[in-house]
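Start at 1 and go down the list; that is how both ligands and their atoms are numbered. Bear in mind that the values here come from a model prediction, so they are computed numbers and not experimental data. Just so you know, these numbers use all the heavy atoms, side chains as well, and skip hydrogens, waters and symmetry mates.
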Amino acid sequence: MKVYKLPVLSNLQVSERYWHMKLDAGLIEESIAPGQFFNILCGEGELPFLRRPFSIYRINRDEGTIEFLYLVKGEGTVQLTKVEAGEEVDVFGPLGVGFELQKGWDSILLLARGVGIATLAALAQEAAAKNVKCVAILSARSRNDLLAADMLQGFGATVIKVTEEDGTSDVENVKKLVDHLLVEHEVKAAFTCGSKRLSRLIQRIAEQKNIPGQIALEEHMGCAVGVCYACVCDVRDEHGISSVRVCREGPVFDLEKVVLG
Ligand SMILES: Cc1cc2nc3c(=O)[nH]c(=O)nc-3n(C[C@H](O)[C@H](O)[C@H](O)COP(=O)(O)OP(=O)(O)OC[C@H]3O[C@@H](n4cnc5c(N)ncnc54)[C@H](O)[C@@H]3O)c2cc1C
């Protein structure tokens with residue numbers, strides 16, 4: 001991982017709350033895996049002092065670009081919206097442990113909520129490149145927030161959308177969908193990001209049906225390189241329960257190991 005100043009190719013508002021940024025990643029020699037993230041300096045001034053972490057949304061190896069999809073939340077992301085095409089953005093990465101598509105996982109389920117869609121989109125892209133069948137349940141407040149649906153469908157994924165707006169995003173309904181899709185698509189592994197509620201659901205179902213899975217966690221981060229311990233979470237291991245750093249040992253963990261509280 002390194003600090004890079006990458007040229008901004010575009011940085012555009014794509015819905016009421018979301019922005020999409022495309023960077024020229026020609027300078028990055030390291031390989032980048034879905035689920036990994038960059039810690040981005042969001043403003044030129046003193047504030048915000050800390051960089052902000054963003055998952056890779058899309059990796060375009062042929063054209064040497066990377067993309068981010070971000071939700072505008074506070075000072076950092078507001079500052080990021082001010083960056084214009086032609087300027088440079090200061091990114092540190094790639095960081096963390098990404099998703100791993102294991103051998104034999106020829107059909108996968110993605111369950112994403114809100115901005116978790118941004119994190120799982122790159123995995124759908126990788127699945128398509130490896131001829132892995134992909135079915136995705138995307139959950140959001142409103143239809144307007146289901147931004148990656150078209151892109152996932154473009155990768156050949158089957159996409160099911162659930163929203164508060166349509167009254168379809170409650171856990172009971174998502175459970176019915178998951179139960180049905182696991183059988184219909186002969187799913188071999190499940191992946192999730194973006195909601196503790198839905199993560200607990202998929203963790204429970206995966207355990208009952210003996211399906212492996214991975215989860216990308218989001219925690220507030222300080223240094224993003226494992227020094228400050230601001231982003232710890234609990235996992236089950238041979239010692240019982242251990243605290244690990246989301247930035248270093250994660251953000252992607254085995255689904256069955258994470259203690260979701
Ligand atoms: C590994 C990782 C990958 C991420 N990938 C993406 C991504 O692809 N797209 C995207 O939009 N966001 C992503 N995030 C979340 C993103 O980092 C935060 O939304 C961003 O840091 C907010 O910064 P801000 O200065 O705009 O808001 P702040 O002023 O820092 O925060 C605004 C509000 O959001 C809360 N908040 C801030 N960070 C987090 C967090 N990590 N978890 C929960 N609540 C938080 C704060 O408590 C506050 O209430 C990711 C986070 C992590 C840890």
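Residues forming a ring-ring contact (aromatic ring centres under 6.0 Å, His included) with F191 (at least two apart in sequence, or on another chain): F99, W105. With sequence neighbours excluded, no residue forms a side chain to side chain donor-acceptor pair (under 3.5 Å) with E84. Every residue two or more places apart in sequence or in another chain was checked for a side chain to side chain donor-acceptor pair (under 3.5 Å) with T192, and none qualifies.
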### Task
Kindly indicate, with the supporting measurements, whether the criterion side chain to side chain donor-acceptor pair (under 3.5 Å) is fulfilled by S15 and N144.
CA-CA 7 Å; S15 77; N144 220 7; 5.4 Å; no
#### Entry: Steps toward side chain to side chain donor-acceptor pair (under 3.5 Å) verdict (S195, R113)
CA-CA 6 Å; S195 155; R113 167 79 185 173; 5.5 Å; no
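Under the 4.0 Å criterion applied to side-chain N and carboxylate O atoms, E172 and K176 are not assigned as salt-bridge partners.
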Taking a 3.5 Å cut-off between nitrogen or oxygen atoms, can you list every pair linking ligand 1 to the protein, with distances?
from, atom 1, to, atom 2, distance (Å)
ligand 1, 5 (N), S55, N, 3.0
ligand 1, 5 (N), S55, OG, 3.1
ligand 1, 8 (O), S55, N, 3.3
ligand 1, 9 (N), L69, O, 2.9
ligand 1, 11 (O), L71, N, 2.7
ligand 1, 14 (N), P53, O, 3.4
ligand 1, 17 (O), P53, O, 2.6
ligand 1, 23 (O), R52, NE, 3.1
ligand 1, 25 (O), R52, NE, 2.7
ligand 1, 25 (O), R52, NH2, 3.1
ligand 1, 25 (O), G76, N, 2.7
ligand 1, 26 (O), G74, N, 2.8
ligand 1, 26 (O), G74, O, 3.2
ligand 1, 26 (O), T77, N, 2.9
ligand 1, 26 (O), T77, OG1, 2.4
ligand 1, 27 (O), G74, N, 3.3
ligand 1, 30 (O), R52, NH2, 3.4
ligand 1, 41 (N), E219, O, 3.3
ligand 1, 44 (N), H220, NE2, 3.4

